[in-house]
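Below is one structure; the comments refer to it alone.
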Amino acid sequence: MSEEKSLNFIEEIIERDLAEGKHTSITTRFPPEPNGYLHIGHAKSICLNFGLAIKYGGETNLRFDDTNPVTEETEYVESIRNDVKWLGFQWARERYASDYFDTLYTYAEQLIQQGDAYVDDSSPEEIAEQKGTPTQAGQRNRFADRSVEENLQLFRDMRDGKYPDGSRVLRARIDMASPNMILRDPVLYRIKHAHHHRTGDKWCIYPMYDFAHGQSDSIEHITHSICTLEFIPHRDLYNWCIEKLGIFPSRQYEFARLNMTYTVMSKRKLLQLVQEGFVTGWDDPRMPTISGMRRRGYTPESIRNFCERIGVARRENLIDVGLLEFCVREHLNQVALRRMVVFHPLRIVITTMQEGIEWLEGENNPEDANSGTRSIPFTRELLIEQEDFMEVPPKKFFRLAPGQMVRLKHAYIIRCDEVIKDDQGNITELRCSHIPNSKSGEDTSGINVKGTLHWVSQTHAIPIEVRLYDRLFRTEDPANAEGNFLDHIHPDSQQILSNALAEPALANDPADARFQFIRMGYFYGDCDTKTDKPVFNRTVTLKDTWAKEAAKK
RNA sequence: UGCCUGAUAGUAUAAGGGUAGUACGACAGAUUUUGGUUCUGUUUGUCUUGGUUCGAAUCCAGGUCAGGCAACCA
């Protein structure tokens with residue numbers, strides 16, 4: 001197993017732990033706070049945690065870190081559960097930090113009894129002030145000297161709702177002079193008279209992250225508790241709690257979170273985009289959320305593959321969004337049904353064709369021999385893409401131009417004979433002739449053309465709406481760029497074409513099918529679809545070497 | 001200014017004292033009834049200065065740069 005691919009540092013730790021007999025099996029957890037939707041950065045963590053358990057035959061819990069009732073909601077719980085499942089993972093147990101509030105409370109009393117915690121009546125400002133600075137030790141105040149009995153009584157009174165929010169906290173007694181600021185008598189419990197999404201009004205004191213997370217890990221016998229780099233300084237406190245409480249020794253390991261170009265990854269910023277209307281919601285197809293990407297047409301396979309490729313390490317990183325796009329193209333190329341859709345129609349008349357319909361066959365997917373075929377009506381009056389014709393073509397323009405020949409995909413080779421214009425000089429129609437013995441699959445014409453165009457029969461075309469997306473920001477790293485990240489929003493990140501025209505087969509395709517609109521990109525049906533006019537989101541463009549070539553000029 | 005992390009091609013990620021490799025990108029070519037796909041080739045890298053060693057990306061010391069830490073957020 002370890003021969004095929006090199007191990008990341010966490011896999012190395014696990015293999016060592018297993019080899020040394022420190023553990024006989026492993027348990028991991030994915031611990032989201034239900035205060036927002038999951039994004040691609042969470043996907044990295046999900047794939048890591050669940051992937052590790054799968055690889056080493058262990059289990060993964062889904063645990064909601066719901067210790068702050070004022071920001072957390074059931075809506076988020078539902079979306080998180082849904083997203084993890086959609087990504088293809090199944091948790092062994094669904095747990096909530098709030099499941100452990102009673103145990104956590106007992107642990108707190110234990111610390112008080114041991115003289116390891118005390119109730120402090122200081123205000124948040126006073127506590128901050130007494131904390132010192134990175135270069136200056138902090139000072140304990142007079143409340144630190146209270147007796148065990150007094151602390152116990154005060155803490156029980158806190159629990160019983162005798163004090164208002166912010167009036168008192170429970171603090172660990174560790175070291176006010178520690179070079180690690182986290183250890184300067186950190187707050188363990190605070191008073192919040194707030195309704196909790198699961199425990200209701202049972203509690204008015206809630207544990208802080210540091211007093212809930214590690215203990216929850218321990219209660220669940222999590223062997224490897226994997227979190228991101230910013231929790232490194234918390235590890236000392238994580239271990240302190242476990243040691244003082246004498247409970248199962250879970251261990252914390254940190255890896256670098258995912259950052260990606262042309263987007264933002266913090267829940268706070270994503271929430272702002274939603275609340276201030278820069279996007280239509282958490283699941284806007286331009287959002288880096290799992291739900292947004294799902295709606296856009298990303299597949300779970302491609303996201304998992306992406307997470308595999310980016311690797312896991314401890315250095316900060318900024319992943320090129322191009323890698324994500326590569327991953328989704330790679331998968332969609334294998335599975336997407338090919339269909340022809342014209343975005344900006346230009347009418348052409350095949351003057352050499354008789355009236356009537358010739359039904360042609362087109363493979364559903366040239367990459368998949370078992371994908372079958374669909375029928376395509378070919379008639380005298382067709383629509384092609386406006387950009388596939390140029391009256392005065394540049395060099396290496398392998399498309400249609402006066403006197404030039406191209407193949408119509410799945411049909412015949414045609415030549416442009418005449419350009420028809422209106423009074424203003426706009427091109428309204430092309431007159432073309434076809435080469436009768438050049439039909440796809442039975443071409444005996446001997447003519448070689450460089451270009452192949454997609455097209456639809458004018459009378460059979462069905463109207464659809466197509467939504468084209470671009471990156472949400474125009475700066476590589478908007479979160480760290482000059483000024484506010486909102487200044488870097490891409491103003492045209494969404495383009496809606498409400499009059500695209502599709503070949504008729506599209507009307508009968510399943511709603512959840514993945515499509516490649518030939519030469520135009522990968523598309524996926526949107527939930528906004530009404531029966532009269534289906535809506536399709538562009539998941540990603542095709543690689544376009546011609547556009548690159550043309551841009552060089 | 002204290003402590004904690006980290007530094008390998010453009011971007012990521014391997015090599016664990018013995019030939020710096022892989023993926024994406026870029027570039028060039030071949031194939032192609034999608035300017036798609038596929039295939040081939042090319043290109044670019046060990047932060048710095050010393051030390052240990054026959055030999056250092058790897059071990060040691062100093063430096064530089066980047067990130068994190070002073071929420072009753074997680």
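Per chain, numbering begins at 1; letters A, B, ... match sequence-line order.
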Provide a list of protein-nucleic acid N or O atom pairs under 3.5 angstrom, restricted to nucleotides 42-46 of chain B.
none

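- Rounded to whole Å, the separation between the P atoms of B:G68 and B:G62 comes to 25 Å.
- The distance from atom CZ of A:Phe523 to atom C1' of B:U34 is 14 Å, rounded to the nearest whole Å.
- When the C1' atom is compared between B:U53 and B:A14, the two are found 25 Å apart, to the nearest whole Å.
- No cation-pi contact links A:Arg171 to A:Tyr118, judged by a cut-off of 6.0 Å to the six-membered ring centre and 45° from its axis.
- Comparing B:U5, B:A14, B:U34 by their nearest atom to the side chain of A:Ile232 picks out B:U5.
- For A:Arg235 against B:U5, a side-chain-to-base donor-acceptor contact under 3.5 Å is absent.
- Distance A:Met520 CE to B:U37 P: 16 Å, rounded to the nearest Å.
- Comparing the P positions of B:U37 and B:A28 gives a spacing of 16 Å, expressed to the nearest Å.
- Side-chain contact of A:Arg339 with A:Asn364: a donor-acceptor pair under 3.5 Å is present, judged by distance alone.
- Checking A:Arg235 against A:Asn239 by side-chain atom types alone, no donor-acceptor pair falls below 3.5 Å.
- Across A:Phe523, A:Tyr522, A:Phe515, a single residue satisfies ring-ring contact (aromatic ring centres under 6.0 Å, His included) together with A:Phe536, and that is A:Phe515.
- With sequence neighbours excluded, no residue satisfies side-chain contact (heavy atoms from CB on, under 4.5 Å) with A:Glu129.
- Atoms CZ and CG, on A:Arg95 and A:Asn61 in that order, are 6.5 Å from each other to the nearest 0.5 Å.
- Rounded to the nearest Å, the gap between the C1' atom of B:A7 and that of B:A71 is 30 Å.
- Nucleotides B:G35 and B:A57 have their P atoms positioned 47 Å apart, rounded to a whole Å.
- For B:G36, its base sits under 3.5 Å from the side chain of A:Glu367 at one donor and acceptor pair at least.
- For A:Pro124, there are no side-chain contact (heavy atoms from CB on, under 4.5 Å) partners at least two apart in sequence or on another chain.
- B:U32 and B:U38 have their C1' atoms separated by 9 Å, given to the nearest Å.
- Residue A:Arg338 places a side-chain atom within donor-acceptor reach of the base of B:U34, judged by atom type and a 3.5 Å distance cut-off alone.
- Side-chain atoms of A:Asp120 and A:Asn141 include a donor-acceptor pair closer than 3.5 Å.
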Self-check item: Nucleotide-resolved protein contact map, nucleotides 20-28 of chain B, B/S/- at heavy-atom distance under 4.0 Å
Solution: ---SS-SS-
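- In the interface, the side chain of A:Arg315 is not paired with the base of B:G67 through any donor and acceptor atom under 3.5 Å apart.
- Under 3.5 Å, the side chains of A:Tyr37 and A:Glu75 contain a donor-acceptor pair of N or O atoms.
- Between B:A66 and A:Arg314, no contact under 4.0 Å exists linking OP1 or OP2 to a side-chain N or O.
- In this structure, A:Arg198 forms a cation-pi arrangement with A:Tyr96, its terminal cationic atom sitting closer than 6.0 Å to the ring centre and no more than 45° off the ring axis.
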Self-check item: nucleotides 68-74 of chain B: protein proximity per nucleotide (B base, S sugar-phosphate only, - neither; heavy atom, under 4.0 Å)
Solution: -SBSBSB
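- Spacing between atom CG of A:Asp544 and atom P of B:G36 amounts to 8 Å, rounded to whole angstrom units.
- B:U49 and B:A12: their P atoms are spaced 24 Å apart (whole Å).
- A:Leu408 comes within 4.0 angstrom of nothing in the nucleic acid, heavy atoms only.
- An OP1 or OP2 oxygen of B:G35 is reached within less than 4.0 angstrom by a side-chain nitrogen or oxygen of A:Arg519.
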Quiz item: What dot-bracket string describes RNA chain B from 5' to 3', counting Watson-Crick and G-U wobble pairs whose defining distances are under 3.5 Å, with [ ] for crossing pairs and | for pairs to another strand?
Solution: .((((((..((((....[..)))).(((((.......)))))....(((((..]....))))))))))).....
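- Under 3.5 Å, the side chains of A:Arg338 and A:His454 contain no donor-acceptor pair of N or O atoms.
- For A:Phe211 and A:Tyr189, the ring centers are positioned less than 6.0 Å apart.
- With B:U34, B:G6, B:G2 as the choices, the nucleotide that has an atom nearest any side-chain atom of A:Thr135 turns out to be B:G2.
- We find that CD of A:Glu308 is positioned 18 Å from P of B:A12, with the value rounded to whole Å.
- A gap of 11 Å separates the P atoms of B:C39 and B:A23, to the nearest Å.
- Side-chain contact of A:Asp66 with A:His197: a donor-acceptor pair under 3.5 Å is present, judged by distance alone.
- Here A:Tyr206 and A:Phe101 bring their ring centres to under 6.0 angstrom of each other.
- For A:Tyr238 and A:Phe231, the gap between ring centers reaches or exceeds 6.0 Å.
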